[in-house]
Amino acid sequence: MWARVPRVKFFNGFEIPLIGLGTYLTSGEQGVRSIKEAIDIGYRHIDTAHQYGNECEVGRAVKDKIDEGFVRREDLFITTKLWNTFHKPEHVSQAFGRSLARLQLDYVDLYLMHMPMALGFRGYEQQDLISYDNSGKIVCSDVDYCDTWKAMEQLVCSGRVRSIGLSNFNQPQLERLLSVASIKPVTNQVECNPGFTQRPLIEFCRGLDITVTAFSPMGRANRCDSSCHVTAGVLTDARVAAIGAKYGKSNAQIVLRYLIDIGTTPIPKPSNRAETLENIDIFDFELTAEEIALLGRFDTGERAVPLKYYSHHREYPFREDFTLGSRVLRQIVR
Ligand SMILES: NC(=O)c1ccc[n+]([C@@H]2O[C@H](COP(=O)([O-])OP(=O)(O)OC[C@H]3O[C@@H](n4cnc5c(N)ncnc54)[C@H](OP(=O)(O)O)[C@@H]3O)[C@@H](O)[C@H]2O)c1
């Protein structure tokens with residue numbers, strides 16, 4: 001089977017395939033094999049990050065498929081991300097260059113600021129992701145993400161990055177960044193799934209012609225803790241299964257179609273070949289307004305990825321969640 005995936009255009013003219021391959025926790029030889037298998041199946045959009053420690057694996061898989069003549073570089077859309085310890089403007093180019101070298105590429109299609117929260121610099125090696133103080137808290141830095149963005153803009157000027165974007169930014173942070181940006185972000189990559197639909201942020205981004213990339217589209221499914229049980233429930237819910245029966249699709253496919261129909265680009269992480277095949281086979285149907293409304297009712301306002309370890313950071317982006325209720329508050333500060 002080989003699937004052709006539709007693309008959407010960013011405001012800058014570059015296009016992103018509407019479904020991507022999530023790679024968090026993909027690693028080693030098995031990781032390389034699974035990425036190559038995904039390319040064979042039709043995935044052209046691959047999401048990695050310095051933090052995932054697998055840029056080398058992505059690079060090897062991509063190089064193998066290009067060397068085989070199966071794809072051309074220009075057919076692929078590769079995203080990687082600037083880690084939080086590299087926010088000082090003087091660290092951005094070097095950190096990016098190392099990512100590019102690990103990926104064995106001349107350019108990436110999209111470079112994202114992984115989070116708005118700067119952390120203390122710890123060197124460029126991949127094992128040095130985070131440092132902790134004596135009380136066990138992550139050591140923060142007060143570098144302004146607007147200054148980081150200015151350095152990322154230079155990467156676009158250098159030709160080594162096609163587009164730049166953000167991840168885990170809330171609306172006020174995005175607005176402040178836009179007030180100084182010379183280059184607008186093409187996307188904000190944020191958690192989005194039926195359990196946490198992000199409708200206001202999606203509408204806000206749409207108004208600015210900024211796309212939303214949906215991470216953890218399955219709410220991390222069975223890997224999640226009890227906090228995202230509702231999203232996991234969507235994957236077994238009988239009403240969602242009935243919608244699936246109408247189109248000949250699984251619950252997971254209905255979830256991914258829902259995310260596309262509300263205007264996002266999901267990047268699910270499959271665990272095996274069957275899921276890899278399933279997640280790309282969603283472009284021969286669309287949900288009705290009633291079906292979209294039903295999926296939206298699973299929204300609990302609870303994140304599968306609350307980044308609670310950063311909740312003391314002055315730029316912690318999910319503080320607004322504290323207003324959602326004590327249940328969420330407990331989850332974040334736990
Ligand atoms: N920018 C950020 O801060 C950020 C944060 C998180 C993630 N991400 C990106 O987003 C990607 C996806 O998010 P994620 O990995 O957190 O979680 P996810 O894609 O929401 O969940 C992954 C889990 O979903 C299940 N799944 C996938 N396809 C399925 C299918 N067709 N049917 C049934 N279950 C299915 C699998 O569970 P089983 O193993 O139980 O089958 C898999 O382990 C990441 O890999 C990463 O690239 C970015």
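In listed order, ligands and their atoms are each counted from 1.
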(message) Exactly one of Arg44, His45, Arg73 should register a side-chain hydrogen bond (donor to acceptor under 3.5 Å, both in side chains) with Asp109. Which one does?
(response) Arg73

(request) Please could you name the atoms of ligand 1 that His114 approaches to less than 4.0 Å, counting only its heavy atoms? (result) 1 (N), 2 (C), 3 (O)

(message) Regarding atom 33 (C) of ligand 1: of the candidates Lys269, Glu275, Lys81, which has the closest heavy atom?
(response) Glu275

(request) Using distance alone, with no hydrogens and no angle criterion, decide if Thr26 and Asn54 have a side-chain donor and acceptor under 3.5 Å apart. (result) no

(message) Considering both backbone and side-chain atoms of Thr23, is one of its nitrogen or oxygen atoms within less than 3.5 Å of a nitrogen or oxygen in ligand 1?
(response) yes

(message) Tell me whether ligand 1 is touched by Ile267 - counting only heavy atoms on the residue side and a distance under 4.0 Å.
(response) yes

(request) Mind telling me whether His91 and Phe121 have parallel, tilted or perpendicular rings, with 30° and 60° as the class edges? (result) parallel

(request) With heavy atoms of Tyr52 as the reference, note each atom of ligand 1 found under 4.0 Å away. (result) 4 (C), 8 (N), 9 (C), 46 (C), 47 (O), 48 (C)

(request) Give a yes or no on whether the ring-centroid distance for Tyr24 and Phe215 is below 6.0 angstrom. (result) no

(message) Using a 4.0 Å heavy-atom cut-off, which part of Ser216 comes near ligand 1: side chain, backbone, both, or neither?
(response) both

(message) Show, in sequence, the C-alpha distance, side-chain angles and deciding distance for Asp144 and Arg176, and conclude whether the salt bridge (Lys or Arg N to Asp or Glu O under 4.0 Å) test is met.
(response) CA-CA 11 Å; Asp144 186 337; Arg176 194 167 83 79; 2.7 Å; yes

(request) Select the closest option to atom 47 (O) of ligand 1 among Asp47, Asp281, Thr213, judged by heavy-atom distance. (result) Asp47

(request) Kindly write out the residues that satisfy salt bridge (Lys or Arg N to Asp or Glu O under 4.0 Å) with Lys150, not counting sequence neighbours, or none if the list is empty. (result) Glu153

(request) Please confirm whether Pro270 comes within less than 3.5 Å of ligand 1 when only nitrogen or oxygen atoms on both sides are compared. (result) no

(request) Flag Met218 as yes when one of its N or O atoms lies below 3.5 Å from any N or O atom of ligand 1, and as no otherwise. (result) yes

